[in-house]
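Start at 1 and go down the list; that is how both ligands and their atoms are numbered. The residues of the chain are indexed from 1 along the displayed sequence.
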Amino acid sequence: MSQAVRTTCAYCGVGCGVVATPNGERSVAIAGDPDHPANGGRLCSKGTHLGETVGLEGRLLLPMIGDKRASWDKALDLVARRFRETIARHGPDSVAFYVSGQLLTEDYYVANKLMKGFIGSANIDTNSRLCMSSAVAGHVRAFGEDVVPASYDDLDAADLFVLVGSNTAWCHPIVYQRIQARRAASGAKLVVIDPRRTETCEDADLHLAIRPGTDVALMNGLLAYCCREGLVDEAYLAASVSVPEGFWESLDEGHDLWTIAKVCDVPPADLQRFYDLFAAHPRTVTLFSQGINQSLRGTDQVNAICNVHLATGRIGKPGAAPFSITGQPNAMGGREVGGLASSLAAHMDFAPDNIARVGRFWSAPRMATKAGLKAVDLFRGVSEGRIKAIWIMATNPAVSMPDAGRVREALAGCPFVVVSDVIADTDTTRYAHVRLPAAGWGEKDGTVTNSERRISRQRPLFSLPGEARPDWWIVKEVGRRMGWGHAFAYDRPADVWREHARLSAYQNDGARLFDLKTHAAIGNEAYDALEPFSWGGRPFADSRFPTPDGRARLVAVRQAPLADPLSAWPMTLNTGRYRDQWHTMTRTGLSPKLARHREEPLVEVHPRDAERLGLAEGDIARVTTPQGDSLFRVSLSAGQRRGELFTPIHWTDRQSTGGRTGLLPRPLVDPHSGQPGFKQTPARAEKVAVEWRGFLLLHGHAELVPDCLWATRVTVPTGTLYELAGAGDPARLDRWLPKGERVEVSDARRGSRRTAIIADGRLAAGLFIARDDSLPPRDWLIAQLGKAANAAVLAGRPAGQQVDRGPIICVCFDVGLRTIVSAIAEQALVDVPAIGKALGAGTNCGSCRPALARILAEHPPGQKEGIA
Ligand SMILES: Nc1nc2c(c(=O)[nH]1)N[C@H]1C(S)=C(S)[C@@H](COP(=O)(O)OP(=O)(O)OC[C@H]3O[C@@H](n4cnc5c(=O)[nH]c(N)nc54)[C@H](O)[C@@H]3O)O[C@H]1N2
Ligand SMILES: Nc1nc2c(c(=O)[nH]1)N[C@H]1C(S)=C(S)[C@@H](COP(=O)(O)OP(=O)(O)OC[C@H]3O[C@@H](n4cnc5c(=O)[nH]c(N)nc54)[C@H](O)[C@@H]3O)O[C@H]1N2
Ligand code: SF4
Ligand SMILES: [Mo]
């Protein structure tokens, strides 16, 4: 057993501390770090199962030029030469970097410095543009600087939580658990504002299922109410906030309860209840995420929230703040180094004295003089041939950009594409001329900043596999080879950290809250031992803001008119996340446990819409938008608003023939932030004719996806499962079966066929096809993979036993829906803790607790068992 290492989770912006104990070659035991202030020892399902994702399956381990392996020298020389040549012929703006909130701060800093100080362009943008750039733009408008004025301590002090456009229970589970703990301890209230009824709403005091895109009306309505009821803090406004002329008058008309209820399409009584809760609880934290940011009016929506907090003085005090919760582990670190095309560095913009100051600090030969292209424009630049060389790091834009089909075409036509990734074959690396193998989580060494401005170390657990190298090293080597060796002479992440910290303090004198001077001179050992710390203290506690006059600003924002659905596009497509998958699944996709929560990409539809569209549970539907189309498995959900569809962002060409959500959103953006409006795309859905369904099970890890109408790969213990559906003769699937003894039964009348391949007496594969609903459950067969077997496996179950546990709800203890429902009935379990006592479910990471609460509500004890 090796030493335990304290590090930070690979996934979301909650930034939980992890204690990782390597216990063999690429194997590690994971626990929450009880001493980390972000999580106090807790981890969600994704963090808990990090150990299942550190294997080397699919890793990119060598630099590759085209399909040939290359030495690092050759690959780096080529990248440096092609970028140099392109700049020499077409100028600095003909090249671009597209980077990521999954880089460490040190990686990010070096990439930003190379582009903005040495290449002389600001064409470096990041996937954070798709994620929280509206929050950045809103903060700058309201406070003068991109400062998140909240911390997790505020969650422990709040009396009212308002979650707007955030599925916190799934996407920031430990924040959600902290909210729940506060509610249990103090009776604090929870209001959720989301067009969908998500699991976050399960236990809420109030859920407002507003019409999508009406958040400005809702918040302005609340502000008008505050005005009427005397909740506006006049003294605070007078001392600390600038109010534009006509601001209050603009709220006089059209902001009464009835009008707002109508615009937002919520019951007036519910709206009144929201107002009452707001009035009764001055300690309010409003947490917001992608339902607010990913909108064509994202920045205005952020300011509508900030306006309410500023006007009521609910900011800079314990338990009172607007709180933008960030998505990626280092979204905030990226903002701090200035990794967005619209900022320069260290919370400085492109004002002339900032350019001069940063130029002096870097001794930069060629400073960028203006903002660069934002993500959507940047890929448009590639598509129009203005950008002729692009370097993509730690992001998968062929999947995650809006209108991803056009992004793929742009990359296919780009003269020079470099991709640094940990995975060899992603939908983006397929377009790369050069692939550079980056160090991944568990190997990387540096810092990340979480949602509450807390900086923590990520520390290595394993030595670098193959020839993988950290991103900061790769970028500095290219900088050196482009001729700037002196400026990129870093030997270790701590060298980069010190420079970054010094820049934040350089000629700052309190002008910017972001200032790391206390950590600028630390030695290598102190850096290695760095404990989590946050910068900025309690921002705005002194009621002063980083604007020229020291005052915050109310920003007049109006609800944009709502377009009626067009006849060709009668539905609206909303997109987002699943509890147990992370983005394009390059890592969570390796975990059999995490795969169990949602095995396939679903399109969620309200049952009444489904009826109208002729869709039934389990059907395959084609979702079409003006941008493209893709197939999804239909899931009926009464939690959907009528007229809306919801699809997940996770599935790629690597896992499935369908589920390609990225092809569907339009490349339209918020005018202030450039953030795409991912949450509302005109769409339609229709049933796709399927003649048969089936599944293919293979022993061992498999990479390819069978080419039939519907094929989705699911990682299972010791093998791979493909869920299948199609039309025509399924016989061509036979070529996916390995060699071995073939046993088969078929029923010509029902059109079903069951085939198993037995190699050396063990089950190597199974292919089950049916034209009715006679497919056996998968669990037992999965457990037989690689085990001694004979033709009896074709039954799909052991003789005489019922083994179907139903869909897995608790991935930690592998507890299925049917097991839970029977236990509730048989043991008269009355609440979630009782289920935990009986079955273990929900007692480890806790991510499934909202689901358990829902199951209890749907199948209360005393009711006769029965699941549709
Ligand atoms: N499990 C998991 N967790 C993650 C991630 C992951 O991939 N998987 N990714 C991380 C990242 S990078 C991010 S950015 C965060 C995102 O975290 P969230 O923002 O919580 O996640 P989303 O599912 O994108 O969207 C949130 C909600 O916005 C709602 N919404 C849509 N339109 C509107 C609207 O007009 N108004 C309002 N009020 N709400 C609306 C949607 O219905 C959805 O439930 O999650 C982070 N955490
Ligand atoms: N329709 C729709 N689209 C969306 C969203 C939505 O809600 N709806 N959400 C948007 C948001 S908020 C986000 S954040 C994006 C996320 O979208 P992406 O950033 O494209 O998704 P990831 O799968 O996280 O991509 C990370 C890539 O980096 C690789 N990687 C991991 N660690 C490292 C490392 O240390 N170094 C290097 N070089 N590579 C590494 C991974 O293998 C993977 O290929 O998607 C956006 N797209
Ligand atoms: S909430 Fe979950 S995914 Fe996010 S940092 Fe914590 S353990 Fe990781
Ligand atoms: Mo994100």
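Under a 4.0 Å criterion applied to the non-hydrogen atoms of T661, ligand 2 contributes the atoms 1 (N). The R577 neighbourhood of ligand 2 comprises atoms 7 (O), 9 (N), 10 (C), 11 (C), 12 (S), 13 (C), with distances under 4.0 Å to a heavy atom of that residue. Annotation for ligand 2: atoms under 4.0 Å from non-hydrogen atoms of P665 are 1 (N). Residue Q328 has at least one heavy-atom neighbour below 4.0 Å for each of these atoms of ligand 2: 14 (S). Below 4.0 Å from some heavy atom of A438 lie the following atoms of ligand 2, by number and element: 36 (N), 37 (C), 38 (N). Shown in contact with I423 at under 4.0 Å from a heavy atom are these atoms of ligand 2, numbered in order with element: 42 (O). Shown in contact with K679 at under 4.0 Å from a heavy atom are these atoms of ligand 2, numbered in order with element: 7 (O). Listed by number with element, the atoms of ligand 2 under 4.0 Å from a non-hydrogen atom of S420 are 37 (C), 38 (N), 39 (N).
Atom 45 (O) of ligand 2 has its closest protein heavy atom at S400 CB, 3.4 Å. Of the protein's heavy atoms, Q294 NE2, 3.5 Å lies nearest to atom 5 (C) of ligand 2. The protein atom (non-hydrogen) at minimum distance from atom 23 (O) of ligand 2 is T584 OG1, 2.5 Å. Among protein heavy atoms, atom 3 (N) of ligand 2 sits closest to F678 CE2, 3.2 Å. Of all protein heavy atoms, the one closest to atom 16 (C) of ligand 2 is H583 ND1, 3.4 Å. For atom 44 (O) of ligand 2, the nearest non-hydrogen atom of the protein is D421 OD2, 2.7 Å.
Nearest-residue assignment for atom 33 (C) of ligand 2 (options T588, D471, V422; heavy-atom criterion): V422. Among G442, A394, G440, the residue whose heavy atom lies closest to atom 39 (N) of ligand 2 is A394.
On a distance-only criterion, T395 and ligand 2 share at least one N/O pair closer than 3.5 Å. On a distance-only criterion, A439 and ligand 2 share at least one N/O pair closer than 3.5 Å. Close N/O approach between S100 and ligand 2 is not found [any backbone or side-chain N/O within under 3.5 Å]. Considering backbone and side-chain atoms together, T575 places an N or O closer than 3.5 Å to an N or O of ligand 2. Considering both main-chain and side-chain atoms, Q102 comes within under 3.5 Å of ligand 2 through a nitrogen or oxygen pair.
A salt bridge does not link D629 with R660: none of the charged nitrogens is closer than 4.0 Å to a carboxylate oxygen. A salt bridge is defined here as a Lys NZ or Arg NE, NH1 or NH2 lying under 4.0 Å from an Asp or Glu carboxylate O, and D471 with K444 fails to meet this definition.
Of the possible donor and acceptor atoms, one in the side chain of R453 sits under 3.5 Å from a partner among the backbone N and O of A150. A side-chain donor-acceptor contact under 3.5 Å links Q675 to the backbone of C131. T661 places a side-chain N or O within 3.5 Å of a backbone atom of P648 that can act as its donor or acceptor partner.
Listing protein N, O or S atoms at distances below 2.8 Å from atom 6 (Fe) of ligand 3, with waters left out, gives C16 SG.
With a 4.0 Å heavy-atom cut-off, ligand 2 is reached by no atom of D107. Contact annotation: for T586 versus ligand 2, heavy atoms closer than 4.0 Å belong to the side chain alone.
Across all their heavy atoms, M64 and L60 have their closest contact at CG-CD1, 3.9 Å. Residues R182 and L155 share a closest heavy-atom pair of CG-O, 3.3 Å.
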Exercise. Decide yes or no on side-chain contact (heavy atoms from CB on, under 4.5 Å) for N330 and L103, but give the supporting numbers first.
Key: CA-CA 7 Å; N330 201 30; L103 292 174; 5.6 Å; no
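Both the sub-6.0 Å distance and the 45° axial angle are not jointly satisfied by R178 relative to the ring of Y152. R26 forms a cation-pi arrangement with F462, by the criterion of a distance under 6.0 Å to the ring centre and an angle within 45° of the ring axis.
L78 pairs in a side-chain contact (heavy atoms from CB on, under 4.5 Å) with only one of the listed residues (V478, I65, V418), which is I65.
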